[in-house]
Amino acid sequence: MGSTPRIIVIGAGPGGYVAAIRAAQLGARVSLIEAQEVGGTCLNKGCIPSKALIFNAEVIGLLRRAEEFGVRITSEMTFDVTRMLERKQRIVQMQVRGIHALLKSWGVSLIKGHGRLIGPRAVEVADAGGQSGRFEADRIILATGSRPIKPPLFPFDGERVITSEEALEPRVLPKSLLIVGAGIEGCEFGFLYRSLGVSVTMVEMQNRPLATEDEEVSSLIAREMAKRGITLHLSLRVEKVVPEPAQLVATLSDGQTIVAERLLVSIGRKMNTEGLGLEEAGVALGKRGEIVVNDRMETGASGVYAIGDAVGRMMLAHVASAEGKIAAANAVAEPGSRSMNYDVVPAGIFTMPEIGTVGLKEWEAAEQGLPVRVGRYPFRALGRAHTMDEIAGFVKVITEAESGRILGVHIIGPHASDLIHAAAIAMRLGAKASDMAEMIHAHPTLSEAMMEAAEDVYGSAIHLPRKKGTG
């Protein structure tokens, strides 16, 4: 490649811009191509704006319970959706400016336009005005992301029948919302809109919400939905949607109808792999339309790498960033020297309460034939949780039965998305439940629930009653 390798990255989302910066840090001359705005879906239409609005909803929920804390609000509480959206947008714009500054500081050249491979060593970029240019490189990293799936059954118009992108811009709140899909995204929006006073109904084809998660977590989320007045229809599909002047009428697979002002379709995402010249460059696609890569993030075309949602391994922003660092290292420094490990990937789900998860679920361990021992600790048994009046939820620790090695941890409760990282680092280091149990945890903290759950693996949690058949 010569003394100064040339790297082109297509896509400036959380995978692409991280890959570009890492390649520049390693001494490459880097061009980053993006047709829209840096930060990708995560920053502009996903993770950050949704969490900004969810935090607004949490503030509203806290104020509604203010009297429990001895705080009396004498006038009626109101909220201004316009100001909420303005706050959300300020946060997004600040983060976008920060990425631009980082790219500039590392000497990454940002090129606006749609990139398309014209072989494994060259990219054609078409800008918004239709002008195009050709750029050559020693290595190319594809980070083109994904977009919401839009089945033809639903009459999408961006106003009444919407995807997650439009759901983040509720200029006028509907009185009622039907959400199709009770996965992670659908559940987050369900709690958000319900907190804003919207009547929420959800339809899910699986037999539980968050069907990819731990079953006990799913059960608690279903109970919390019921407490908040969210109506949940399980093991059903929407088979027909009829737009009427003032409402939408959806017919379910059991024949019942649901009427709502707005309908949000949240059933997954589709990889952005069309129009990239992949076939001409020798880059293969899988059955779902994903770019096929190995664990070094290499495609079948020499010198072409791919990362993030476009490869469909784990469609999470932080996974895309990790893959970006791997791809950059292999593209610039020592090709093939770095590989991606997906064994310990923590994830946060921003429902109410939050969920944090890492590693195997019980049913996954069973599928692998792994005998397990499980420890649990409820937040309602924890002093710190009571001081916050956040007692719903638990910590669940899954271990290998014989060795005690931690296989998975699942938390639902206050600050679960932050707490889960203690479990992740323990798993990364190959820790046993006894290591976590014997580590002194500060009191009073939420983290004590992790210690107690780890002790419960052995039936020795101090603040739980004796289990039958132990001691």
Side-chain angles (χ1 to χ4, degrees), residues 1-46 92-147 271-283 291 297 299 301 303-311 317 320-321 323-325 327-332:
M1 287 192 294
S3 58
T4 305
R6 299 167 301 169
I7 304 294
I8 289 178
V9 181
I10 302 178
Y17 86 76
V18 167
I21 290 173
R22 178 52 51 89
Q25 290 173 340
L26 293 171
R29 187 165 73 248
V30 184
S31 295
L32 177 60
I33 299 167
E34 174 56 57
Q36 298 181 46
E37 185 53 274
V38 298
T41 294
C42 176
L43 175 50
N44 295 282
K45 300 176 181 179
V92 170
Q93 289 170 351
M94 179 177 65
Q95 297 293 312
V96 166
R97 288 195 298 270
I99 293 173
H100 278 287
L102 287 170
L103 295 172
K104 183 178 180 180
S105 76
W106 287 103
V108 175
S109 174
L110 181 61
I111 301 168
K112 296 293 289 184
H114 178 79
R116 181 179 184 279
L117 297 180
I118 46 177
R121 296 290 184 274
V123 175
E124 181 181 67
V125 180
D127 63 23
Q131 300 297 312
S132 63
R134 177 188 171 98
F135 299 85
E136 296 188 354
D138 299 297
R139 301 283 189 269
I140 296 170
I141 301 174
L142 303 171
T144 51
S146 65
R147 63 188 184 275
M271 297 80 172
N272 292 327
T273 53
E274 306 95 340
L276 294 175
L278 300 181
E279 185 177 342
E280 298 92 322
V283 176
I291 300 173
M297 312 319 299
T299 71
V304 180
Y305 298 78
I307 62 175
D309 283 8
V311 306
S321 296
E323 290 170 340
K325 293 173 186 176
N330 288 332
V332 178

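Note that the structure is predicted; figures quoted are calculated from it, not measured.
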Side chain to side chain, I291 and M271, heavy atoms closer than 4.5 Å: no
T144 side chain to A310 backbone, donor-acceptor under 3.5 Å: no
Closest non-hydrogen atom pair, T4 against D138: O-OD2, 4.4 Å
Closest non-hydrogen atom pair, A331 against I141: CB-CD1, 4.4 Å
Smallest separation among heavy atoms of G308 and A320, with atom names: CA-CB, 3.6 Å
Side-chain donor/acceptor of S321 to backbone N/O of P14, under 3.5 Å: yes
Distance (rounded to the nearest 0.5 Å) between K325 NZ and I307 CD1: 11.5 Å
Note, R6 side chain near R29 side chain (heavy atom, < 4.5 Å): yes
Non-hydrogen atoms of L276 and T273 that approach each other most closely: CD1-CA, 3.7 Å
Closest approach of M297 to A327 (non-hydrogen atoms, all atoms of both residues): CB-CB, 4.0 Å
K45/E37 salt bridge by N-O under 4.0 Å criterion: no
Non-hydrogen side-chain atoms of R147 and N272 separated by less than 4.5 Å: yes
Full working for side chain to side chain contact (heavy atoms under 4.5 Å, CB included) between L110 and L32: CA-CA 5 Å; L110 181 61; L32 177 60; 4.0 Å; yes
Backbone N/O of L102 and side chain of Y17: donor-acceptor pair under 3.5 Å: no
E279 atom CD, over 12 foreign heavy atoms within 6.0 Å: no
Side chain to side chain donor-acceptor pair (under 3.5 Å) partners for E124, two or more places apart: none
Between CD1 on residue I7 and OG on residue S31, distance to nearest 0.5 Å: 10.0 Å
Worked check of side chain to side chain contact (heavy atoms under 4.5 Å, CB included) between Q95 and I99: CA-CA 6 Å; Q95 297 293 312; I99 293 173; 5.6 Å; no
pair L117-I10: side-chain heavy atoms closer than 4.5 Å: yes
Partner of V123 under side-chain contact (heavy atoms from CB on, under 4.5 Å), chosen from I111, I140, V9, L142: I140
Non-hydrogen side-chain atoms of Q93 and R97 separated by less than 4.5 Å: yes
E280 side chain vs I118 backbone, donor-acceptor pair below 3.5 Å: no
Smallest separation among heavy atoms of V30 and A24, with atom names: CG2-N, 3.6 Å
